[in-house]
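All remarks here apply to the structure that follows.
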Amino acid sequence: QVQLVESGGGLVQAGGSLRLSCAASGSTSSLNVMGWYRQTPGNQRELVATISRGGSTNYADSVKGRFTISRDNTKNTVYLQMNSLAPEDTAVYYCKAQIMPSIKVYDYWGQGTQVTVSS
């Protein structure tokens with residue numbers, strides 16, 4: 001079992017920045033890929049960025065050049081630095097962690113943190 005606790009969301013003006021944090025606890029020895037997703041009312045949850053334990057990253061086209069995902073394996077924490085925020089970035093942001101204790105793969109989600117960007 002893995003528990004994910006997110007923090008760092010809030011209200012910012014367009015052009016501003018926020019840094020989201022997601023701390024994992026529990027069975028972290030098998031923690032693999034971690035990532036950030038976001039969801040707005042009436043839409044499906046979409047990928048924002050992912051990062052492997054070794055540091056390989058992947059970003060959605062909409063956030064490339066503005067967002068940076070990183071992780072600290074010693075703290076079992078993943079971060080999302082969000083710069084040049086725009087109103088279309090407003091969403092609930094969810095942290096995701098993938099664990100592989102054996103052959104099976106398990107996905108765990110955080111509770112979500114609200115990011116609101118005003119124009």
Side-chain angles (χ1 to χ4, degrees):
Q1 287 285 321
V2 172
Q3 295 79 45
L4 303 175
V5 179
E6 300 154 326
S7 62
L11 174 64
V12 297
Q13 289 186 310
S17 299
L18 283 174
R19 189 168 94 146
L20 306 182
S21 299
C22 175
S25 61
S27 302
T28 56
S29 61
S30 58
L31 196 61
N32 193 17
V33 175
M34 300 184 74
W36 291 95
Y37 294 71
R38 65 187 182 186
Q39 188 170 25
T40 56
N43 294 286
Q44 291 185 301
R45 191 171 297 182
E46 65 176 5
L47 181 146
V48 176
T50 62
I51 184 168
S52 70
R53 188 169 184 85
S56 180
T57 59
N58 178 255
Y59 295 92
D61 289 339
S62 60
V63 305
K64 286 181 179 177
R66 299 189 298 122
F67 292 8
T68 302
I69 189 170
S70 61
R71 67 190 291 171
D72 186 339
N73 291 330
T74 64
K75 297 180 179 180
N76 297 312
T77 300
V78 63
Y79 306 93
L80 184 68
Q81 178 66 46
M82 304 185 292
N83 298 326
S84 301
L85 284 164
E88 53 262 38
D89 295 315
T90 296
V92 177
Y93 284 71
Y94 296 90
C95 178
K96 178 185 176 181
Q98 184 181 84
I99 62 169
M100 298 181 67
S102 57
I103 298 175
K104 270 194 170 183
V105 177
Y106 299 91
D107 290 330
Y108 291 88
W109 293 90
Q111 80 286 353
T113 184
Q114 178 70 48
V115 172
T116 302
V117 184
S118 62
S119 59

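One is the number of the first residue; the rest follow in order along the sequence.
- No side-chain donor-acceptor contact under 3.5 Å links Arg19 to the backbone of Gly8.
- Trp109 and Val5 are not part of a single hydrophobic cluster, where members link through side-chain heavy atoms under 4.5 Å apart.
- Note that OG1 of Thr40 is 11.5 Å distant from CZ of Arg45, once rounded to the nearest 0.5 Å.
- Scanning both residues, Asn83 and Ser17, for their nearest heavy atoms gives OD1-OG, 2.9 Å.
- Shown here are the salt bridge (charged side-chain N to carboxylate O under 4.0 Å, His left out) partners of Glu46, two or more places apart in sequence or in another chain: Arg38.
- Remark: side-chain polar atoms of Glu6 are paired, donor with acceptor, to backbone N or O of Gly112 under 3.5 angstrom.
- Listed by chain and residue number, Asp89 satisfy the salt bridge (charged side-chain N to carboxylate O under 4.0 Å, His left out) test with Arg66 (two or more places apart in sequence, or in another chain).
- Counting only heavy atoms from C-beta outward, the side chains of Thr68 and Tyr79 never approach each other to under 4.5 Å.
- Closest of all the heavy-atom pairs between Asn32 and Arg71 is O-NH1, 2.8 Å.
- Using a 4.5 Å heavy-atom cutoff, the side chains of Thr50 and Tyr37 are in contact.
- No donor-acceptor pair under 3.5 Å is formed between the side chain of Thr28 and the backbone N or O of Ser25.
- Annotation: side chain of Met100 is not in contact with side chain of Ser30 (no heavy-atom distance under 4.5 Å).
- Sorted pairs that involve residues 29-94 and meet disulfide (SG to SG under 2.5 Å), not counting sequence neighbours, are lacking altogether.
- For Asp107, the salt bridge (charged side-chain N to carboxylate O under 4.0 Å, His left out) partners at least two apart in sequence or on another chain are Lys96.
- Cluster partners of Leu85, by chain and number: Val2, Leu4, Val12, Leu18, Leu20, Leu31, Met34, Trp36, Val48, Ile51, Tyr59, Val63, Phe67, Ile69, Val78, Leu80, Met82, Tyr93, Ile99, Tyr106, Tyr108, Val115, Val117. The rule joins Ile, Leu, Val, Met, Phe, Trp and Tyr whenever side-chain heavy atoms lie under 4.5 Å apart.
- Identified under the disulfide (SG to SG under 2.5 Å) test for residues 23-76, with sequence neighbours left out: none.
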